[in-house]
Engineer: 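Right, I'll just put the structure down here and ask away after.
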2 protein chains.
Amino acid sequence: MISTRGRYALRVLIDLAEHNDGKYIPMKDVAERQDLPLKYLERILPVLTKNKLIVGLHGKGGGYRLSRTPDAYTVGEILRLTEGNLAPVSCLEQDAAPCARAAECRTLEMWTKFYEMTNTYFDGITIADLMQSEVGNDYII
Amino acid sequence: MISTRGRYALRVLIDLAEHNDGKYIPMKDVAERQDLPLKYLERILPVLTKNKLIVGLHGKGGGYRLSRTPDAYTVGEILRLTEGNLAPVSCLEQDAAPCARAAECRTLEMWTKFYEMTNTYFDGITIADLMQSEVGNDYII
DNA sequence: TACCAACCTACCGAACTGATAGGTATGGTT
DNA sequence: AACCATACCTATCAGTTCGGTAGGTTGGTA
């Protein structure tokens, strides 16, 4: 199940994309528009800035802006960063302890295929796909 | 993420299917074969008996057996019973509070399609599909 | 009657979730 | 230089879930 971390991060990025006018956008504005707790967003965003998905600027006139065009963000990338991973079962997580029963496991193939399906699905959707078409696309980033 | 509840239930049902010889199989035997804690399994099974996926018999010579042929159990049904639901986000759960932002939600369609994909995938796989073909299919249910 | 296995209920520690609180760092504006 | 808005950092917390244990009760067979 996707938690609020991933869902809120998506909403923030979509909001930043839709309200992009070249300037930095204070997270306070995004939080108000999206009706999300500012302080909680501040705890979610660091992973996005550290991975250069957004750029933060301190002080007056500061805020955040996207570092790429909206079509260059896949939902898969965002969810993997904020949720950790999209594995349906713990034994498929990147650094999971190797399962002793893997050789005889009747379900491993099923989980693996579902995992691939999930990644393929979310990697095929970008922030641009999620933006309201009438808004935001008119602006130059 | 699918928890042990769903994964263990699947393993129990596959084990019952593979070791079916017409008699009731004590859960103690399944727990030993699968290396799962018996007491924990006893807490997971009631939802399967209440929904008539398996039949339990008390006392000596008792245990559990499947109530259908293995090809009549879909993984989707089993996971929905044991995990509650397969919704990727809380707003898609059956009795979720209606979301005030649904009309303007940029991501609802994405989640809904993923939800449908998930259900379709797991509903397309049966216990029979997961059984080791050399074993179990020789027995008559 | 003895036994065995399903079944039921309470409890428990650890982790995760969804926050809140209170600060510090950093830059532009005045 | 002072001010102030904003990002950024760390600790804390109540509630829930997870994975499991413990101990008993019910019901059926041998």
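In what follows, every heavy atom counts, from backbone to side chain, and hydrogens, waters and symmetry copies are set aside. Chain letters run A, B, ... following the sequence lines, proteins first and then strands; every chain starts at 1.
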Engineer: Is a side-chain donor-acceptor pair under 3.5 Å present for Y40(A) with T4(A)?
Structural biologist: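 Present: a donor and an acceptor within the cut-off.
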Engineer: Given atom NZ of K23(A) and atom C1' of dG27(C), what is their separation to the nearest angstrom?
Structural biologist: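 To the nearest whole Å, that distance equals 18 Å.
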Engineer: Taking atom types as they are modelled, would you say the side chain of K39(A) forms a donor-acceptor pair with the base of dG18(C) within the 3.5 Å cutoff?
Structural biologist: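 Flag unset: no donor-acceptor pair detected.
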Engineer: Give the rounded distance in Å between these two atoms: CD1 of I44(B) and P of dT17(D).
Structural biologist: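 Atom CD1 in I44(B) sits about 16 Å away from atom P in dT17(D).
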Engineer: Give one of base, sugar-phosphate or nothing for L45(B), where a contact means two heavy atoms less than 4.0 Å apart.
Structural biologist: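 It contacts nothing in the nucleic acid.
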Engineer: Quick one: on DNA chain C, does E42(A) or S3(A) contact a more 5' nucleotide (nearest heavy atom)?
Structural biologist: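 Mapping each residue to its closest nucleotide by heavy atoms, the 5'-most match is S3(A).
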Engineer: Given atom CD1 of I2(B) and atom C1' of dT17(D), what is their separation to the nearest angstrom?
Structural biologist: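 So the CD1-C1' distance, I2(B) to dT17(D), works out to 15 Å.
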Engineer: From dG20(D), dA30(D), dC9(D), pick the nucleotide closest to the side chain of K60(B)?
Structural biologist: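 Nearest nucleotide to the side chain: dA30(D).
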Engineer: With a 4.0 Å cut-off on heavy atoms, is G61(B) in touch with a base, just the backbone sugar-phosphate, or nothing at all?
Structural biologist: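 Touches nothing.
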Engineer: On DNA chain D, check which nucleotide each of E83(B) and G62(B) is closest to and give me the residue with the more 5' one.
Structural biologist: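 Final value for this comparison: E83(B).
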Engineer: With side chains defined as the heavy atoms from C-beta onward, is the minimum distance between I25(A) and R33(A) less than 4.5 Å?
Structural biologist: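 Yes, close enough: below the 4.5 Å cut-off.
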Engineer: Are D123(B) and T120(B) close enough that a side-chain donor and a side-chain acceptor fall under 3.5 Å?
Structural biologist: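 On atom types as modelled, these side chains do not qualify, holding no pair under 3.5 Å.
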Engineer: Just so I know, are the side chains of Q132(B) and E18(B) near enough to count as touching, which here means a heavy-atom distance under 4.5 Å?
Structural biologist: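 Counting from C-beta outward, Q132(B) and E18(B) do come under 4.5 Å.
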Engineer: Between atom CZ in R65(B) and atom C1' in dA5(C), what is the gap in whole Å?
Structural biologist: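 Whole-Å distance recorded here is 16 Å.
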Engineer: Starting from P on dC4(C), measure out to CG on L38(B) and report it in whole angstrom.
Structural biologist: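 Computing the L38(B):CG to dC4(C):P distance gives 14 Å.
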Engineer: Looking only at side-chain atoms of P37(B), point me to the closest of dG20(D), dA6(C), dA22(D).
Structural biologist: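 Output: dG20(D).
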Engineer: From OH of Y40(A) over to C1' of dC8(D), roughly how many Å is that when rounded to an integer?
Structural biologist: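 It is 17 Å, rounded to the nearest whole Å.
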Engineer: For Y24(A), which contact category applies under a 4.0 Å heavy-atom criterion: base, sugar-phosphate, or nothing?
Structural biologist: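 Contact class for Y24(A): none.
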Engineer: Ignoring hydrogens and angles, are the base of dG18(C) and the side chain of R43(A) linked by a donor-acceptor pair under 3.5 Å?
Structural biologist: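 Check fails, no donor-acceptor contact within cut-off.
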Engineer: Would you please confirm or rule out a distance under 4.0 Å between OP1 or OP2 of dC8(D) and any side-chain N or O of Y64(A)?
Structural biologist: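 Result: yes.
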Engineer: Please determine, for the side chain of Y8(B), which listed nucleotide (dC8(D), dG19(D), dG20(D)) has the closest atom?
Structural biologist: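 Of the options given, the side chain of Y8(B) lies nearest dG20(D).
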Engineer: Over how many whole Å does the gap from I54(A) atom CD1 to dT6(D) atom P extend?
Structural biologist: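 After rounding, the reported distance stands at 16 Å.
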Engineer: Rounded to whole Å, how long is the line connecting atom CZ of R11(B) with atom C1' of dG19(D)?
Structural biologist: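 Spelled out: CZ on R11(B) to C1' on dG19(D) is 14 Å.
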Engineer: Do the side chain of N119(B) and the main chain of E116(B) share a donor and acceptor less than 3.5 angstrom apart?
Structural biologist: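 No: the side chain of N119(B) does not pair with the backbone of E116(B).
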